[in-house]
2 protein chains.
Amino acid sequence: MAGQAAGTRRAVILRAAAGLFAARGFHGVSIEDLGRAVGTSGPALYRHFAGKEALLAAILVEISERLAEEGAARAAEEADPAGALDALLRGHIAFALDEPALITVHDRELENVPEPERRRIRRLQRGYVEQWVAVLARLRPDTPEPALRAALHAVFGLLNSTPHSAGELGREEMAGLLFTMARAALLAR
Amino acid sequence: MAGQAAGTRRAVILRAAAGLFAARGFHGVSIEDLGRAVGTSGPALYRHFAGKEALLAAILVEISERLAEEGAARAAEEADPAGALDALLRGHIAFALDEPALITVHDRELENVPEPERRRIRRLQRGYVEQWVAVLARLRPDTPEPALRAALHAVFGLLNSTPHSAGELGREEMAGLLFTMARAALLAR
DNA sequence: CACCGATGTTAGTGAATGTTAACATCGGTG
DNA sequence: CACCGATGTTAACATTCACTAACATCGGTG
């Protein structure tokens with residue numbers, strides 16, 4: 001059973017694992033469950049990952065990298081802070097709507113990642129946050145930075161709650177709603 | 001070792017359990033952990049609760065009842081919808097700031113509650129949501145109800161994220177910030 | 001065609017965990 | 001003071017779980 005461009009199997013496993021972790025939490029999913037989700041049985045996964053924690057770490061590192069990179073790219077394309085904020089918002093919203101499982105795992109399971117990678121993920125997350133804070137500081141130079149940070153975390157809470165709401169709205173409608181709400185929340189005083 | 005107004009022991013256990021469940025998740029806490037948190041060892045808890053799941057169920061039922069009751073009381077005191085919304089916001093924010101562990105458990109662990117109580121909690125949560133929706137519908141009669149519901153869930157995400165943000169702001173400052181942001185998000189268009 | 005690397009399988013192992021059982025303590029009550 | 005209800009203790013049990021070991025399959029390559 002060879003074949004598939006190298007790395008494909010890994011990606012399939014990571015995606016399935018993210019779905020299960022998002023639905024039942026890291027400790028609520030067994031190795032056997034993870035194997036079954038990709039059509040094999042339990043221990044087969046050790047051919048691809050050192051263990052259950054390594055699997056979670058790989059998921060979180062990938063998400064954090066992606067958010068930080070895309071965030072930097074989007075923010076850099078815009079000259080004025082208002083445009084940069086809109087770009088950051090659109091990017092984050094698209095990610096949350098397209099990858100609900102990844103967003104869920106990303107803000108719930110950091111504590112279950114073992115220490116070497118934990119620090120790395122924290123650094124990436126901090127970098128992402130700093131991009132937002134820099135833009136917000138230019139938009140609201142009068143507001144002290146701790147308040148900006150607190151407001152930003154609250155908006156992340158708003159945006160990342162999408163996967164848990166029933167979803168009676170269509171994708172585009174939801175994206176527009178989240179954009180309007182988040183923008184209003186960040187610029188309100 | 002008798003004494004203490006009946007029910008006190010129960011309350012102590014529930015509070016400690018909520019703290020642990022919030023920090024490490026239902027499956028990340030053992031009965032032994034829960035016992036140690038109240039100065040006894042593991043199995044002693046079976047004198048007070050039928051099992052680990054019953055403990056979680058008790059926590060969630062209590063929170064849901066409290067939110068629904070206080071919500072109804074606060075909303076009923078205000079005649080106009082704008083005042084009612086402000087009252088609901090202030091109540092929810094106070095709860096989130098005063099009981100971070102309870103809010104966290106409340107919106108993460110429903111799936112681990114066994115079936116008889118699960119339905120009850122869902123009903124209580126639905127009742128709480130309906131109070132908000134009724135107020136919002138009067139404030140924004142032009143907006144279709146599904147959009148109001150989606151916006152409401154997003155605002156809950158915003159408010160309930162408080163326990164997870166570092167908390168560099170003082171309590172009153174944070175309460176004011178959350179109030180301003182949530183209000184702006186709900187009334188934006 | 002012999003070999004190998006990638007990928008899988010089943011059986012087993014040791015540790016952790018939820019729960020029950022049997023027994024202890026002790027303050028209040030008749 | 002005998003008894004009981006509330007509360008706790010330790011030992012034991014069955015189950016689950018992460019992980020390892022030993023062995024199988026098979027496509028591509030020299």
Side-chain angles (χ1 to χ4, degrees), chain A residues 1-60 105 109 111-118, chain B residues 1-60 105 109 111-118:
Chain A
M1 198 177 284
Q4 313 250 11
T8 288
R9 196 80 185 112
R10 233 184 102 98
V12 168
I13 294 172
L14 287 179
R15 176 157 296 269
L20 286 177
F21 287 155
R24 312 212 293 263
F26 181 72
H27 293 295
V29 181
S30 71
I31 291 278
E32 185 49 41
D33 292 332
L34 293 170
R36 193 179 310 125
V38 295
T40 74
S41 247
L45 300 184
Y46 289 89
R47 297 290 167 201
H48 303 275
F49 297 93
K52 202 183 165 192
E53 289 187 332
L55 226 160
L56 179 66
I59 294 175
L60 280 176
V105 172
E109 304 291 359
E111 60 187 4
N112 290 311
V113 175
E115 226 351 311
E117 292 96 334
R118 179 106 139 257
Chain B
M1 200 176 284
Q4 314 248 12
T8 288
R9 196 83 186 107
R10 235 184 101 98
V12 169
I13 294 171
L14 287 179
R15 177 157 295 269
L20 286 178
F21 287 155
R24 314 213 291 263
F26 181 71
H27 293 293
V29 181
S30 71
I31 292 278
E32 185 50 40
D33 292 333
L34 293 170
R36 193 178 308 125
V38 295
T40 75
S41 246
L45 300 183
Y46 288 87
R47 297 291 168 201
H48 303 274
F49 298 93
K52 200 184 165 190
E53 288 187 332
L55 226 161
L56 179 65
I59 294 174
L60 280 176
V105 172
E109 304 292 359
E111 61 187 4
N112 290 311
V113 175
E115 228 348 313
E117 292 96 332
R118 179 105 139 256

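In what follows, every chain begins at residue 1, and chains take the letters A, B, ... in the order their sequences are listed. Heavy-atom basis, side chains included; hydrogens, waters and symmetry copies ignored. Keep in mind that this is a model prediction, so the values were computed, not measured.
With both pairing distances under 3.5 Å, C:dG27 is matched to D:dC4 as a Watson-Crick or G-U wobble pair. C:dA22 and D:dT9 make up a base pair, with Watson-Crick or G-U wobble contacts both under 3.5 Å.
At a threshold of 4.0 angstrom between heavy atoms, the contacts of B:Val38 with the nucleic acid are absent.
You'll find the side chain of B:Ser41 stays beyond 4.5 Å of the side chain of B:Arg36, heavy atoms only. Looking at heavy atoms from C-beta onward, A:Phe26 lies out of side-chain contact with A:Glu111 at the 4.5 angstrom threshold. Residues B:Thr40 and B:Arg47 have side chains not in contact (no heavy-atom distance under 4.5 Å, counting atoms from C-beta outward).
In this structure, A:Ile31 places its CD1 atom 20 Å from P of C:dT13, rounding to the nearest Å. The interatomic distance linking B:Leu34 (CG) with C:dT19 (P) rounds to 11 Å, in whole Å. Atoms NE2 (A:His27) and P (C:dT17) sit 10 Å apart, rounded to a whole Å. In this structure, B:Arg10 places its CZ atom 14 Å from P of D:dA6, rounding to the nearest Å. Separating the CD atom of A:Glu32 from the P atom of D:dA18 is a distance of 10 Å, rounded to the nearest angstrom. The CG-P distance, from A:Leu45 to D:dC17, rounds to 14 Å in whole Å. Here the P atom of nucleotide C:dG18 and the CZ atom of B:Phe49 are 16 Å apart, to the nearest Å. Rounded to whole angstrom, the span from the CG atom of A:Asn112 across to the P atom of D:dA18 amounts to 12 Å.
For B:Pro43, the listed nucleotide lying nearest its side chain is D:dA11; candidates were D:dT20, D:dA11, C:dG8. With D:dT9, C:dT20, D:dC17 as the candidates, the nucleotide lying closest to the side chain of B:Tyr46 is C:dT20. In this structure, of C:dT9, D:dG8, D:dT10, it is C:dT9 that holds the atom nearest to the side chain of A:Thr40. When distances run from any side-chain atom of A:Lys52 to the nucleotides D:dT9, D:dA18, D:dG8, the shortest one goes to D:dA18.
No more than 12 heavy-atom neighbours from other residues, nucleotides or ligands sit within 6.0 angstrom of CZ on B:Arg15.
Remark: side-chain polar atoms of A:Glu109 are not paired, donor with acceptor, to backbone N or O of A:Leu56 under 3.5 angstrom.
Contact between the side-chain N/O atoms of B:His48 and the OP1/OP2 oxygens of D:dG8 is found at a separation under 4.0 Å.
Each of B:Arg47 and B:Gly51 was assigned the nucleotide of DNA chain C with the nearest heavy atom; the assignment lying further toward the 5' end belongs to B:Gly51.
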